[in-house]
Amino acid sequence: MPELPEVETIVRELRPRLVGRTVTRPRLHATDVLRGVSRGRLLATLRTNRIVEVARRAKHVVLRLASGHRVVIQPRMTGSLIVYGRRLRPDERRYIVLEASLGGQRVLVFRDVRRLGTVWLLDEAGWRSYTARIGPEPLAADFDLARFAACLRGTRQAIKKVLMDQRRIAGVGNIYANEALYRARVDPSLPADQLSPRARRRLHAAVLSVLREAVAHRGTTLRDYRTGTGEHGEHQTALAVYGRGGEPCLRCGTRLTTTHAIDGRATTFCYRCQGRT
DNA sequence: ACGAGGTCCTGCGAGC
DNA sequence: TGCTCGCAGGACCTCG
């Protein structure tokens, strides 16, 4: 499930393969992924347009075109964005949502088994309002403790839910919220406005270090996630809590607990290490 | 402001 | 073996 580190990995691999290329032949195989744009307008805009920038915002891949439009793709749960330099095998063609031929054999493919992913086409004004609704980037140089504290201010919601709220902080999903809370020894159910200054400082550091390590590992592949070149990430073996419910805590040996009490999503934590502080 | 629950979507594994 | 069912869950929605 692509979160910030996975999308960052995708973008880093797509960038040198896409920037400067012109879309010769766009094809759309499913229309239910489109948001705010018709099939005809998306294809007409892509055709003969040049990709001038590939960027990440939160968990979204942003392709800026020479026309000034941006194609924004959210892979969500099962989406992948891969550049191929060869013809695809029939099994690789399954679940393709959008493909953009780029001349020669090169083709950008957006594949999404469950089609929970979305594709937007935005002009300059549309992009400004789109990005304005998303919180700050946690890996940006200016995301210091004060900015993090501001993200948590004014809500009594569980800290885990707040970490995953894209309007407050960009790019953190279920896996890395679990991991960061464990690393910081913070109770996931603690109301966000009740974190002590020390706990807030630990959590700020943990969010940054967890995300940076996952980026260095090119993301976490549990099932569907692939990098921009179709490879697996390597961070899954480094997870301390996600998917480890019932197994021993790496710090104290206590059996890790999994609940669905926070927003109905799997939360795995150590009852002993992550007490209320 | 908040929590609960529904919606989208398909593959997979558990249970019978 | 073959069927049904619940779950995976990010982002969005409505309702109370």
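From a predicted model like this one, the values you see are computed outputs, not experimental measurements. In what follows, chains carry the letters A, B, and so on, assigned in the order in which the sequence lines appear, proteins first and then strands, with residues in each chain numbered from 1.
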For this session: Would you indicate whether A:Arg50, at its atom CZ, is surrounded by more than 12 heavy atoms from other residues, nucleotides or ligands within a distance under 6.0 Å?
Result: no
For this session: Please say whether the positively charged group of A:Arg251, taken as NZ for Lys or CZ for Arg, lies over the ring of A:Tyr182, i.e. under 6.0 angstrom from the six-membered ring centre and within 45 degrees of the axis.
Result: yes
For this session: Would you mind classifying the nucleic acid contact of A:Arg94 as base, sugar-phosphate or nothing, using non-hydrogen atoms under 4.0 angstrom?
Result: sugar-phosphate
For this session: Decide yes or no on ring-ring contact (aromatic ring centres under 6.0 Å, His included) for A:His60 and A:Tyr130, but give the supporting numbers first.
Result: CA-CA 11 Å; A:His60 317 160; A:Tyr130 188 95; 5.5 Å; yes
For this session: Ignoring backbone atoms, establish whether A:Lys161 has a side-chain N or O less than 4.0 Å from OP1 or OP2 of B:dG3.
Result: no
Exercise. In whole angstrom, what separates A:Tyr95's OH from B:dG11's P?
Worked result: 4 Å
Problem set entry | Distance in angstrom units between A:Leu222 CG and C:dA8 C1', rounded | 11 Å
Exercise. Counting only side-chain N and O atoms of A:Arg114, is one of them less than 4.0 Å from OP1 or OP2 of C:dA11?
Worked result: no
Problem set entry | Contact under 4.0 Å: A:Thr155 side-chain N or O vs B:dC2 OP1/OP2 | yes
Problem set entry | Nearest listed nucleotide, side chain of A:His260, among B:dG3, C:dA8, C:dA11 | C:dA8
For this session: Mind checking A:Gln74 for me? I need base, sugar-phosphate or nothing, with any heavy atom below 4.0 Å counting as a touch.
Result: sugar-phosphate
Problem set entry | Enclosure of A:Arg272 CZ (heavy-atom neighbours >12, cutoff 6.0 Å) | no
Exercise. Roughly, in whole Å, what's the span from CG in A:Leu163 to P in C:dG10?
Worked result: 12 Å
Exercise. Contact class for A:Asp263 (heavy atom, under 4.0 Å): base, sugar-phosphate, or nothing?
Worked result: nothing
Problem set entry | Phosphate OP1/OP2 of B:dG3: any A:Gln157 side-chain N/O under 4.0 Å | yes
Exercise. Between C:dG10 and A:Arg265, is there an OP1 or OP2 to side-chain N/O distance shorter than 4.0 Å?
Worked result: yes
Exercise. Expressed in angstrom and rounded to an integer, what is the separation of A:Arg35 atom CZ from B:dT7 atom P?
Worked result: 16 Å
Exercise. Which one, B:dG11, C:dA11, B:dC2, comes nearest to the side chain of A:Val113?
Worked result: B:dG11
For this session: Count the heavy atoms belonging to other residues, nucleotides or ligands that lie under 6.0 Å from CZ of A:Arg47, then report whether that count exceeds 12.
Result: yes
For this session: Ignoring backbone atoms, test whether A:Arg115 places a side-chain nitrogen or oxygen under 4.0 Å from the OP1 or OP2 oxygen of B:dT10.
Result: yes
Exercise. Which whole-number value in Å describes the distance from A:Arg111 CZ to B:dT10 P?
Worked result: 16 Å
Problem set entry | Distance, rounded to the nearest Å, where A:Met164 contributes CE and C:dC12 contributes C1' | 14 Å
For this session: Return the value, rounded to whole Å, for the distance between atom CG of A:Leu190 and atom P of B:dC2.
Result: 14 Å
For this session: Would you kindly give the CD1-to-C1' distance between A:Ile169 and C:dG10, to the nearest whole Å?
Result: 16 Å
Exercise. Can a donor-acceptor pair under 3.5 Å be found between the side-chain atoms of A:Arg76 and the base atoms of C:dA11?
Worked result: no
